[in-house]
Amino acid sequence: VFVKRKLDDEALADLEDLLVAADLGTTVAARVVEEFRSSRFGKEVTDDEVKQALAAELAKILEPVAQPFVLDRSLKPHVVLMVGVNGTGKTTTIGKLAQQYREQGVRAIMVACDTFRAAAVEQLQVWGQRTGAPVISGPANTDPAGLAFDALTRAKAERADVLLIDTAGRLHNKSALMEELQKIIRVLKKQDETAPHSILLVLDATTGQNALNQVDVFKEMVNITGLIVTKLDGSARGGIVVALAEEFALPVHFVGVGEQAGDLRPFDPAEYARGLVG
Amino acid sequence: ALTNKLSGVFDGLRRRGALSEIDVAEALREVRLALLDADVALPVVKDFIAKVKERSVGAEVLDSVSPGQQVVKIVHDVMIEALGGAGAVPINLNAVAPVPILMVGLQGSGKTTTSGKLGLRFAQRLKKKVLLASLDVQRPAAQLQLQQLAERAGVASLPIIPGQTPLEIARRAMETGRREVFDIVILDTAGRLSINQELMDEVRAIRAETNPAETLLVVDAMTGQDAVQTARAFNEALGITGIVLTRMDGDARGGAALSMRAVTGAPIKLTGSGEKLDALEDFHPERVAGRILG
Ligand SMILES: Nc1nc2c(ncn2[C@@H]2O[C@H](COP(=O)(O)OP(=O)(O)OP(=O)(O)O)[C@@H](O)[C@H]2O)c(=O)[nH]1
Ligand SMILES: Nc1nc2c(ncn2[C@@H]2O[C@H](COP(=O)(O)OP(=O)(O)OP(=O)(O)O)[C@@H](O)[C@H]2O)c(=O)[nH]1
Ligand SMILES: [Mg+2]
Ligand SMILES: [Mg+2]
């Protein structure tokens, strides 16, 4: 492990493979290795030195997007809309946020705007019981925009600090579903032009290059203000976040590291970069 | 698209006899990039390229097709073979009733929805008496989710008894299946990480208890390089007999299909093409090949 070897073409090709295997994508991996080559080519280095240097390089790319989520309690409520494709962890993440807010003495209200999927409302209601945050819901197949509107009215009346809006999973290439999302936002604005104050796109760390399409289309259709990357407790290293940082520069507010209420952490670029390099 | 890139690579080459290694090297670089961009896992890409190279180098340059087209055909043929060949492989129901089908995979991949879809398919197409059983005691309202899907599909679901372990529920599901003469019992399990030893042991125990005719790995079509780790771990723990690729109605290229098939050797049997219970299709290698190659 302390054997030094030359950082030559073959070693650099191995590094590029490492980054590709971590989902950075071929373009970003090639670019990162190219920068690395110009500063270290031909030098004698141990594997550890190389990994540390590479991690530092990646952390530099990630630092600008490591922006913690800032709740504005003066808004009463700060309206947070959670969006993303199916199964990424939106509902669970809302539950985790509600848990954090309880611990911080922040009054949160949740609204179950996934009125379509089987047991989606009941799933959020369990999180409501676990965290003490009230859950606003409607009958099955209720219009999510109308429900969001009513929830905002109630949240304002109760002077809640934050309104967490759970939405149905939707594939970004389904125009009707993306229009439904735009409608939820339009209807909220009828009541409060500034709402929603945050639109968070939830991404699954196991996703490959399609994450770029997801961010691209969601960002084009609604004003995504930040990202959350879930399931980083798994074997997937989530290198797609590096590509996303380069391409879109959207803040990464949180990472999900498990299924329990406490498993939501701020995005730490140094730790993330180390995990990518292995 | 790859086809255009490859014909571009060979534009300079005109009827020179056989394709040389140098001729093919540039083409292989393009194929490698295309496959990685389509989310095929790196080790699988390397094997794939080796196969294509083996068949391309020394191949006679035919009069009727351009060299680029020739390599494209080789790439396409290797892809079809790698995806499991031309025919759709059916779900194996060759066992004494009640035939158990075990659904496994990572969190959120689509297991519960696919269980509902399978229930509907077996009931409608094969006129089978199906029991849907949820072994997920960890996700909030998971058992209710499957129960609601069962109602929509018009099939039975195992009554929910809170406080039972997944293994106890599996046992009860099989007993109910036998006692009430069901043809098929579909066992929906909780999403689990392939690196969680305890949960992999749990699903191994469930498999040993129920002896399923099929252990289906349910995978999201947009899965990236991790497909290899996940497929390997689930296969080593359980022996995967079939793969279901969900959310093929998205625009992911679907390279994970190739990775998973390569690592497990298991056929891709079905694809999910939407959220409704009838959105389940037989796997068509031609379509997936076209999508991965782009
Ligand atoms: N291991 C792990 N699992 C997670 C994490 N976040 C969510 N999950 C799991 O992922 C699965 C899907 O989570 P949901 O919260 O239902 O996802 P969703 O985006 O609301 O799904 P839809 O509403 O159906 O689109 C559940 O089994 C969660 O427990 C995480 O950070 N780590
Ligand atoms: N568009 C689309 N959505 C799908 C498909 N299959 C499942 N889904 C959706 O994906 C999300 C997750 O599906 P589930 O069936 O809850 O996934 P799961 O694997 O059981 O999740 P866990 O039990 O938490 O591990 C839901 O929103 C489903 O409606 C599909 O083929 N296409
Ligand atoms: Mg949800
Ligand atoms: Mg499930």
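Protein chains get the first letters and strands the later ones, always in sequence-line order, with residue 1 at the start of each.
The greatest number of non-hydrogen atom pairs below 4.5 Å with chain A, out of Q147(B), Q229(B), R139(B), R32(B), is found for R139(B). Of the listed residues (L124(A), T92(A), V126(A), D204(A)), the greatest number of heavy-atom pairs within a distance under 4.5 Å of chain B belongs to V126(A). Taking chain B as the reference chain and counting heavy-atom pairs below 4.5 Å, the highest number among R237(A), Q209(A), K231(A) is found for Q209(A).
Taken to the nearest 0.5 Å, the CD1 atom of I240(A) stands 10.0 Å off from the CD atom of Q225(B). From L35(B), atom CG reaches atom OG1 of T26(A) across 11.0 Å, with rounding to the nearest 0.5 Å. From Q145(B), atom CD reaches atom CD of Q123(A) across 7.0 Å, with rounding to the nearest 0.5 Å. With rounding to the nearest 0.5 angstrom, the CZ atom of R247(B) is 10.5 Å from the CG atom of N210(A).
At a 4.5 Å heavy-atom cutoff, N196(B) makes no contact with chain A through either its backbone or its side chain. Both the backbone and the side chain of L144(B) come within contact range of chain A, each with at least one heavy atom under 4.5 Å from a heavy atom of that chain. Looking at L106(B), the atoms closer than 4.5 Å to chain A (heavy atoms on both sides) all sit in the side chain, from C-beta outward. Interface remark: T223(B) contributes backbone and side-chain atoms alike to the contact with chain A (heavy atom separation under 4.5 Å). Heavy atoms closer than 4.5 Å to chain B are found in both the backbone and the side chain of D17(A).
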Exercise. Hey, mind stepping through Q260(A) and Q138(B) against side-chain contact (heavy atoms from CB on, under 4.5 Å) and telling me if it holds?
Worked result: CA-CA 10 Å; Q260(A) 307 309 320; Q138(B) 106 87 25; 3.7 Å; yes
Exercise. Checking side-chain contact (heavy atoms from CB on, under 4.5 Å) for the pair L171(A)/M222(B): CA distance, chi angles, key distance, verdict?
Worked result: CA-CA 11 Å; L171(A) 291 178; M222(B) 61 185 80; 4.0 Å; yes
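Between D220(B) and T206(A) the shortest side-chain heavy-atom distance does not fall below 4.5 Å. Residues L193(B) and S235(A) have side chains not in contact (no heavy-atom distance under 4.5 Å, counting atoms from C-beta outward). In this structure, D233(A) and Q107(B) have side chains that are not in contact, with every pair of non-hydrogen atoms separated by 4.5 Å or more. P140(B) is not listed as a side-chain neighbour of Q129(A), based on a closest heavy-atom distance of 4.5 Å or more.
Shown here is R204(B), whose CZ atom has more than 12 heavy atoms of other residues, nucleotides or ligands within 6.0 Å.
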Under 3.5 Å, which donor-acceptor pairs do the side chains of residues 148-163 of chain B form with other protein atoms, sequence neighbours left out?
from	atom 1	to	atom 2	distance (Å)
Q148(B)	OE1	A119(A)	N	2.9
Q148(B)	NE2	E122(A)	OE2	3.4

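Residue D251(B) is tested with Q214(A), H172(A), K174(A) for a side-chain contact (heavy atoms from CB on, under 4.5 Å); the sole match is H172(A).
By a heavy-atom distance cut of under 4.5 Å, D39(B), L42(B), K46(B) are the residues of residues 38-50 of chain B near chain A, going up by number. Contacts from residues 82-91 of chain A to chain B, taken as heavy-atom pairs separated by less than 4.5 Å, involve V85(A), N86(A), G87(A) in sequence order. Residues of residues 287-294 of chain B never come closer than 4.5 Å to chain A when only heavy atoms are counted.
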